[in-house]
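Some notes on the structure that comes next.
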2 protein chains.
Amino acid sequence: MADSIDISKRALILRTAARLFRQNGYERTSVRQIAEALEMTSGSLFYHYASKEDLLVAVMEEGVRDVLAAVSKGLAGEARLPERVLAMVQCHLTALLGPNLDALTVMMYEWRSLSPPAHQRIMKWRDAYEALWAPPIGEAAALGLVDADTVLVRQTVLGALNWSGQWYRPDRRLGVDGLALRMFALLFPRLSERLGASVDRDRGSVDALGPMRLGTVSSEA
Amino acid sequence: MADSIDISKRALILRTAARLFRQNGYERTSVRQIAEALEMTSGSLFYHYASKEDLLVAVMEEGVRDVLAAVSKGLAGEARLPERVLAMVQCHLTALLGPNLDALTVMMYEWRSLSPPAHQRIMKWRDAYEALWAPPIGEAAALGLVDADTVLVRQTVLGALNWSGQWYRPDRRLGVDGLALRMFALLFPRLSERLGASVDRDRGSVDALGPMRLGTVSSEA
DNA sequence: GTCTATATGCGGATAGAC
DNA sequence: GTCTATCCGCATATAGAC
């Protein structure tokens, strides 16, 4: 594999650990197993990471940092509300279902294995990530386009999106972008109707020009 | 506590194990800890359950059996589609956020710790439960009231509902029934509009009489 | 940086007395 | 049914040679 040549040793260890932690669970994965997968002995691993927990924290931290960066970037690239939220959904799913699947799955499943200080660090990252969703959801709520309980909306949306890591398998019929469009339409129907709409400046409200149906609802009229 | 008097020993052990498995995780909970919480020694526990894994399987099996029974009952009590789906959401959340929280959380988090035969048993229960959702979602899709990809709808809905076990805390402002109504409206907006509507028998289609807004969307007109 | 060898403790599970 | 005592293996982590 040409792609594993230029990676630093620490990064390679991290990827391997993330994969095994997701496949077998953190507690059931031994340091010896990780070392074996890397064709080393367990003693060598501790030269790079001081403890097994350090490895777990590093896996989670990299995962959440990546998704935070991806969604921040997607959010910044779109000016209008419906497109902005769609971009967030797309970036979230692209990161989650792509190269960060292992790390983010581990983060969802294994946070109870963290010691209190490590737990606090990771929760700060998670809170920072969730905070990205507050402004757009708040805007949408103020416009009456989602439920007014913005915490409920955020938890429902993130719960549904994150769960996709458990069942989604890449498929030429429904790629990640297609999945993102459909989940966006399902979770934000009233924003979805307004994709591509223009802003009526006089009244400050939003009107649909051509409501996109995304081909998801068939027997309408 | 008067409520812990009439419970069989096996059931008491099960409840205690479920609580500790959820709090600390399965692998990090030792048999000695469970025994200590029950004021026994670890040797005594093995008289009631042959292995730690038997305990895990029993916890999961009771949890999924309870939610299956609850949702089956809710489903049978309602004739019309919108009310039927709402009843399923309500029963699911009532079971999940009530006395089965420990067991169902353990089931979500710890299924990778099951041996292959145990895993197969539990997956059969899970599949049986998910199969309950197929007919109503299929009906709604046929009527164009949800996305036509019924698998996507089911996974999205169950992902969002199950995630509520991670963040919902009972509150007098929003009880479980209130939560159920709002999540139903969020996940099935077009069914929610049709709550309480009558059936137009001539055309076989569904028309809204008085669309209930559930007080969730404020700035509409 | 990686190895071998090992310290040290805790895990699930069992045997047999009571 | 519950106890005490114990078997035995595997876990993380360390020490020190190379």
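Per chain, numbering begins at 1; letters A, B, ... match sequence-line order.
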- Can you say whether the rings of B:W111 and B:H119 are parallel (under 30°), tilted (30 to 60°) or perpendicular (over 60°)? tilted

- Note on the structure: Heavy atoms of B:V71 and B:L132 approach each other most closely as CG1-CD1, 4.0 Å

- Send over the distance from A:H48 NE2 to C:dG1 P, rounded to a whole Å. 7 Å

- Query: Among C:dT2, C:dA13, D:dG1, which nucleotide sits nearest the side chain of B:K52?
  - Reply: C:dA13

- Message: Please determine whether a side-chain nitrogen or oxygen atom of A:S44 lies at a distance below 4.0 Å from atom OP1 or OP2 of C:dG1.
- Response: no

- Just say parallel, tilted or perpendicular for the rings of A:W133 and A:Y129, cut-offs at 30° and 60°. perpendicular

- Item | Phosphate OP1/OP2 of C:dT2: any A:T41 side-chain N/O under 4.0 Å | no

- Task: Go through residues 20-33 of chain B and report each residue with a non-hydrogen atom lying under 4.0 Å from DNA chain D, sorted by number.
- Result: B:R32

- Query: If you check every side-chain atom of A:Y47, which of C:dG1, C:dG12, D:dA13 has the closest atom?
  - Reply: C:dG1

- Task: Check A:P99 against A:T94 and note the closest heavy-atom contact, atom names and distance.
- Result: CD-O, 4.3 Å

- Give the C-alpha distance, both sets of side-chain angles, the deciding distance and a yes or no for salt bridge (Lys or Arg N to Asp or Glu O under 4.0 Å) between B:E110 and A:R112. CA-CA 12 Å; B:E110 310 289 1; A:R112 281 169 309 173; 3.0 Å; yes

- Separation of A:L38 atom CG from C:dT2 atom P, in whole Å? 10 Å

- Query: Over how many whole Å does the gap from B:L56 atom CG to C:dG12 atom P extend?
  - Reply: 12 Å

- Query: Crowded around B:E36 CD? As in, over 12 foreign heavy atoms under 6.0 Å?
  - Reply: no

- Starting at CD of A:E53 and ending at P of D:dA11, how long is that distance when rounded to a whole Å? 18 Å

- Tell me whether the guanidinium CZ or amine NZ of A:R10 lies under 6.0 angstrom from the six-membered ring centre of A:Y49 and within 45° of its axis. yes

- Note on the structure: Taken to the nearest whole Å, CD/A:E39 to C1'/C:dG1 is 16 Å

- Atom CG of A:L12 to atom C1' of C:dG1: distance rounded to whole Å? 15 Å

- Where the side chain of B:S42 is concerned, which of D:dG1, C:dT2, C:dA13 is the nearest nucleotide? C:dA13

- Message: Quick check for you: among C:dA13, C:dT2, D:dT2, whose closest atom lies nearest to any side-chain atom of B:K9?
- Response: D:dT2

- In whole Å, what is the span from the OH atom of B:Y49 to the P atom of C:dG12? 16 Å

- Message: If I take atom CG in residue A:D54 and atom P in nucleotide D:dT14, what distance separates them, rounded to the nearest angstrom?
- Response: 11 Å

